[in-house]
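Just so it is clear, the structure is predicted and the values come from calculations on it, not from any experiment.
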Amino acid sequence: MYSSSSSTSSSSSSSSSSKVKKVKKVAAPKKKKAKAPEIDAQWSWRTDSGAWEPYDEKVNAKIEALHNKKPPKSGIKTAKIDAERGVDLSRMVQYRLDDPSRIRQLKREENEESSDDSDDDSEPDEKAMLAKLRSGLPKKYMRMAAVPILGATLGARARMTRDQYVGSRYGGAPYLLPGEKWPKCGVCTEGGPKYLRLMCQFDLAHVPATFRRLYGNEGLLQYMMCDDECDGWWDSFTGGHIQRVVRVAEGPADQTKVPAKCELFPIRMINGWEEKPDYPHYEDYDDKLTDWFGDDDDLQDFYQDNDDFHVRGDKLGGWPDWTQSAEYPACSKCGTAMNYVFNCSGDHVDFMYGDCGTAQIMQCPKHKDIFTAVAACC
């Protein structure tokens, strides 16, 4: 079975990038008069509901032929499906032909391939590009990001002090309210729902003031997820993950008893936060920033790869470090596009989102108690 690395799951009329997969199927008995070769695979794409919708016979044959074709030097294998959609088998995704990020990507790939075939060995002037970015990149696109300063490492089931239990950290047992049951996955079916694992929790009273104003002045921002094969943590509002702000109850906070079958990430304490300037990933360009770069692909690539302008990995605020296309889900209550809160790589608990992916915690700007997360991989 093949499956896409994209986390977006959309219908053909609205998707910018949706999952594609291939499954084996039982070959029908051969007809004596049939001239077309038998296709022993069925290609499908993922709809908004999460169901896999098979392509029709003609498109299925086209994709199968592309899959079996020897890849070009670039390694990119793409095909147009219809007037609106295309498929990229190097990434196992279906995409919209009018998706701006996809158009930029294809243009860069064409330029790279043509430059490989040329005799011009000249390299872009990196010093000049760095100077242009530092002097001319519009400052309005700069946001501050807070990077966690890591502290002590403890075993996953280690007994914590009260301050550690209700403090900022990765892994271990989540803080739960008195009498609250340990959350379970709402997606797992085989063998019953699995217990969710705490990825991280942050004490909002001890994050930089900028972020307290954005996300709240008190409580623990928690991110719990199922890392079982149900893959319930890829998409928003699936039940395979929980993001919430929980207020710590008055009085003693006894560490939650860990269920016997519950797996935990190792504990990594957070001692503080370091603020750094951050600029947008190209998926978050608006028209003005796109116009500023113009057709200078070398400058855009240099900017995107330069750590002087991007905070990588785990960070509170700043800009999302997208692995695939930008994805701002709609609030489940009002439909408003949600705001990005936290970028999670999984590195601090030795967890990988697919193949070197990331997750982003989101919050509704109108309903501050509604959170979700999205994830994608390369």
Side-chain angles (χ1 to χ4, degrees), residues 146-188 191-208 211-212 215-230 232-233 239-274 313-316 341-353 359 361 369 371 373 375:
V147 178
I149 301 172
L150 301 178
T153 300
L154 307 175
R157 293 175 178 263
R159 191 72 186 175
M160 293 175 279
T161 66
R162 184 187 189 282
D163 287 346
Q164 290 173 330
Y165 180 51
V166 301
S168 298
R169 57 184 164 88
Y170 290 91
Y175 169 79
L176 299 178
L177 293 169
E180 183 181 7
K181 293 183 178 181
W182 198 292
K184 292 185 178 182
C185 178
V187 178
C188 288
K194 309 297 190 299
Y195 292 104
L196 297 184
R197 303 167 72 177
L198 178 71
M199 171 64 75
C200 53
Q201 66 177 35
F202 308 132
D203 182 356
L204 293 176
H206 292 92
V207 301
F211 306 100
R212 291 200 299 272
Y215 312 130
N217 293 315
E218 61 179 5
L220 296 175
L221 173 59
Q222 295 181 322
Y223 173 23
M224 290 176 270
M225 58 175 286
C226 177
D227 70 334
D228 196 68
E229 292 182 358
C230 72
W233 39 267
H241 50 80
I242 290 176
Q243 300 75 32
R244 66 177 187 173
V245 172
V246 59
R247 267 66 180 180
V248 177
E250 296 291 337
D254 295 329
Q255 184 171 328
T256 307
K257 183 178 179 180
V258 182
K261 295 184 178 181
C262 179
E263 296 184 13
L264 300 176
F265 292 121
I267 299 170
R268 192 71 186 269
M269 301 305 301
I270 297 174
N271 290 345
W273 300 86
E274 180 184 2
D314 288 30
K315 56 183 175 181
L316 189 64
V341 174
F342 180 74
N343 194 86
C344 185
S345 66
D347 291 346
H348 299 319
V349 295
D350 198 24
F351 175 79
M352 186 179 291
Y353 291 94
I361 297 177
D369 59 330
F371 292 85

Return the minimal non-hydrogen interatomic distance between Leu154 and Ala158, and the atom names on each side. CB-CB, 3.9 Å
Between Arg197 and Met224, is there a donor-acceptor pair closer than 3.5 Å when you use the side chain of the first and the backbone of the second? no
Which heavy atom in Leu196 sits nearest to a heavy atom in Lys184, and how many Å separate them? CG-C, 3.8 Å
Just how far is it from atom CD1 of Ile149 to atom CD1 of Ile270, taken to the nearest 0.5 Å? 10.0 Å
Given side chains that start at C-beta, do those of Tyr195 and Pro183 come closer than 4.5 Å, heavy atoms only? no
What's the verdict on side chain to side chain contact (heavy atoms under 4.5 Å, CB included) for Val207 and Leu221, showing C-alpha distance, side-chain angles and the deciding distance? CA-CA 11 Å; Val207 301; Leu221 173 59; over 6 Å; no
Flag the pair Trp182 / Val258 as yes when at least one side-chain heavy-atom distance between them is below 4.5 Å, and no otherwise. yes
Would you name the heavy atoms of Gln222 and Leu198 that are closest together and state the gap between them? CB-CD1, 4.5 Å
Short question: side chain of Asn343, backbone of Gly313 - any donor-acceptor pair under 3.5 Å? yes
Which residues satisfy the side-chain hydrogen bond (donor to acceptor under 3.5 Å, both in side chains) test with Glu180, sequence neighbours excluded? Arg244
CD of Glu218 to CZ of Arg212, rounded to nearest 0.5 Å, is 11.5 Å
Can you give the donor-acceptor pairs under 3.5 Å from side chains of residues 168-176 to other protein atoms, not counting sequence neighbours?
residue: Ser168; atom: OG; partner: Asp203; partner atom: N; Å: 2.8
residue: Arg169; atom: NE; partner: Gln164; partner atom: O; Å: 2.9
residue: Arg169; atom: NH1; partner: Gly171; partner atom: O; Å: 2.6
residue: Arg169; atom: NH1; partner: Ala173; partner atom: O; Å: 3.1
residue: Arg169; atom: NH2; partner: Tyr165; partner atom: O; Å: 3.0
residue: Arg169; atom: NH2; partner: Ala173; partner atom: O; Å: 2.6
residue: Tyr170; atom: OH; partner: Asp314; partner atom: OD2; Å: 2.6
residue: Tyr175; atom: OH; partner: Ala249; partner atom: N; Å: 2.9

Roughly how far apart are Cys200 SG and Ile361 CD1, rounded to 0.5 Å? 5.0 Å
A side-chain contact here means heavy atoms from C-beta on lying under 4.5 Å apart; do Asp350 and Arg268 qualify? no
Does CG belonging to Asn271 count more than 12 external heavy atoms closer than 6.0 Å? yes
Looking at Cys185 and Gly240, what are the two nearest heavy atoms and their distance? SG-CA, 3.9 Å
Here the gap from Met269 atom CE to Asp163 atom CG, rounded to the nearest 0.5 Å, amounts to 8.5 Å
If you take all heavy atoms of Tyr223 and Ala373, which pair is closest and at what distance? CE1-CB, 4.4 Å
Compare every heavy atom of Pro259 with every heavy atom of Arg157, then report the nearest pair and how far apart it is. NH2-O, 3.7 Å
Please walk me through it: do Phe371 and Val245 pass side chain to side chain contact (heavy atoms under 4.5 Å, CB included)? CA-CA 9 Å; Phe371 292 85; Val245 172; 3.7 Å; yes
Does the ring center of Phe202 lie less than 6.0 Å from the ring center of Phe342? yes
